[in-house]
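Sequence lines set the chain letters: A, B, ... in the order given, protein chains first and strands last, and positions in each chain run from 1.
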Amino acid sequence: RMRKWQKRVRVSNAMERNLAFALSELDRMCSQLKLPQSVREDSAVLYRQAIKENLIRGRSIEGVAASVIYASCRQRDVPRTLDEIAEVARVSRKEIGRTFRFISRELGFKLLPISPKDYIPRFCSELELSESVEKVAHEVINEAIEKGLVSGRGPTGVAASAIYISALKCGEKRTQREVAEIASVTEVTIRNRYKELAKELNIDLPL
Amino acid sequence: MDPKIKIENVVASTSFDQEIDLDKIYNDFEDAEYNQEKFPGVVYRLTEPKTAALIFSSGKLVCTGAKNVDDVEVAVDKVIKKLKGAGVDIKNKPKTVVQNIVASANLDHPLNLNQIAIGFGLENVEYEPEQFPGLVYRLEEPKVVLLLFGSGKIVCTGGRKPEDCEKGVKKVKQELEDLGLI
DNA sequence: GCTTTAAAAAGTAAAGT
DNA sequence: ACTTTACTTTGCAAAGC
């Protein structure tokens, strides 16, 4: 009888409400993170895909939303760290990471491991460094990869130290503190990576 | 030569098939920990072999920290004697079941985790250096999980027998050699 | 899912000298 | 800067929320 379509309407309303909420959350987080339009669009597409595949069951809307943003950023090679996303999301970094792994596996993402190089443009821009610094930083990272100094190290830490070194080389010095702030790593980490790179890549720089 | 495996931790469980009064155990065992709100079991640590036993009111017991499969028996026997000394009469000694073995190994060769992730297949591994320095690789046979590090060191966990870990490490090593990544 | 136990790997972090 | 402590990841059982 009428119960059936009433229930359908109820479910449909709930789904629409949830989708509307999710999309507004995606917009809010993307705005706060100042993400490009392409990432916003990708995120919405991925979220709808997640709904189609029933991947929301047992997971929070916030968590899935944050996860698809994280995935979209990586897919567009403009990664944000889980911590950066967790700052504007209402769920922990741990849950975003867990949900990302699940969504990533279920939707068949084939994302390459994050490369320190992907952080160079954004960090350099925020530090107001020239393009020549960016270019040198890329070269430093390429050398680091060849010498096996990247495996297992945090991509942001490697990027930060490469930028620190490159800025010095180009006469556009930024303090470790300034670079650390932008890259969300500690000065200790920059120092550790910097020492390692300077030693292994025979970079003669003042300490 | 097959890589040497070092067993770092053995987790085992057993059941006495009889209810145990944990409050009594907690009072009689001078160095036992018991916080009901925190965790339903009594935590009892042994110095030799260095292990930790979790005792539950159902009579079930979990033993962790052993460096050998044989040490598990030694530890469980000690806990049983301790229980008997406290007035808990354990009728017959049940069989202990090894639930998990954690082992470490070394390939003595640095690893390019990025290439390994691609070589093994992005859908078969988890490598998120932002979160953890190790690459996670799951094997079906033997059913173990391996953590590969840039240093060439490996952690193998999830095995129920030492051979599972030995075979697991041997298998990844072979796969790495086949791909020319080692 | 969480809680607690144990242990290794290597990176990162924070606190105390 | 250096040391110490601690948290990230993996696997597993236990009883109960």
Quiz prompt | B/Leu61 or B/Val145, whichever maps to the more 5' nucleotide of DNA chain D | solution = B/Val145
Quiz item: Does a nitrogen or oxygen in the side chain of A/Arg93 sit under 4.0 Å from OP1 or OP2 of C/dT12?
Solution: no
Quiz item: A/Arg193 side chain N/O closer than 4.0 Å to the phosphate oxygens (OP1, OP2) of C/dG11?
Solution: no
Quiz item: Is B/Val144 touching bases, backbone alone, or none of the nucleic acid, heavy atoms closer than 4.0 Å?
Solution: nothing
Quiz item: Looking only at side-chain N and O atoms, does B/Thr64 come under 4.0 Å of OP1 or OP2 in D/dA13?
Solution: no
Quiz item: Are B/Lys67 and B/Asp71 ion-paired here, with the side-chain N under 4.0 Å from a carboxylate O?
Solution: no
Self-check item: Short side-chain N/O contact from B/Lys60 to OP1 or OP2 of D/dC12, under 4.0 Å
Solution: no
Practice problem: Answer with base, sugar-phosphate or nothing: what part of the nucleic acid does B/Lys6 contact at a heavy-atom distance below 4.0 Å? | Solution: nothing
Quiz item: D/dC2 and C/dA7: how far apart are their P atoms, nearest whole angstrom?
Solution: 29 Å
Quiz item: What nucleic acid atoms does B/Ser15 come within less than 4.0 Å of, heavy atoms only: base, sugar-phosphate, or nothing?
Solution: nothing
Quiz item: Does C/dA6 have a Watson-Crick or wobble partner in any strand here, with both distances under 3.5 angstrom, and which is it?
Solution: none
Practice problem: Could you give the distance separating D/dT8 and C/dG1 at their P atoms, to the nearest angstrom? | Solution: 16 Å
Self-check item: B/Ser13 side-chain N/O to D/dA14 phosphate OP1/OP2 under 4.0 Å
Solution: no
Quiz prompt | Nearest listed nucleotide, side chain of A/Arg153, among D/dA14, C/dT12, C/dT3 | solution = C/dT12
Quiz item: If you measure from the P atom in D/dA1 to the same atom in C/dA9, how many Å do you get, rounded?
Solution: 26 Å
Exercise. For D/dT9 and C/dA13, measure between their P atoms and round to the nearest Å.
Key: 15 Å
Quiz item: Which part of the nucleic acid, if any, lies within contact of A/Gly152, taking any heavy atom under 4.0 Å across all strands shown: a base, the sugar-phosphate backbone alone, or nothing?
Solution: sugar-phosphate
Quiz item: Using 30° and 60° as the class limits, which term best fits the ring planes of A/Phe100 and A/Phe109: parallel, tilted or perpendicular?
Solution: tilted
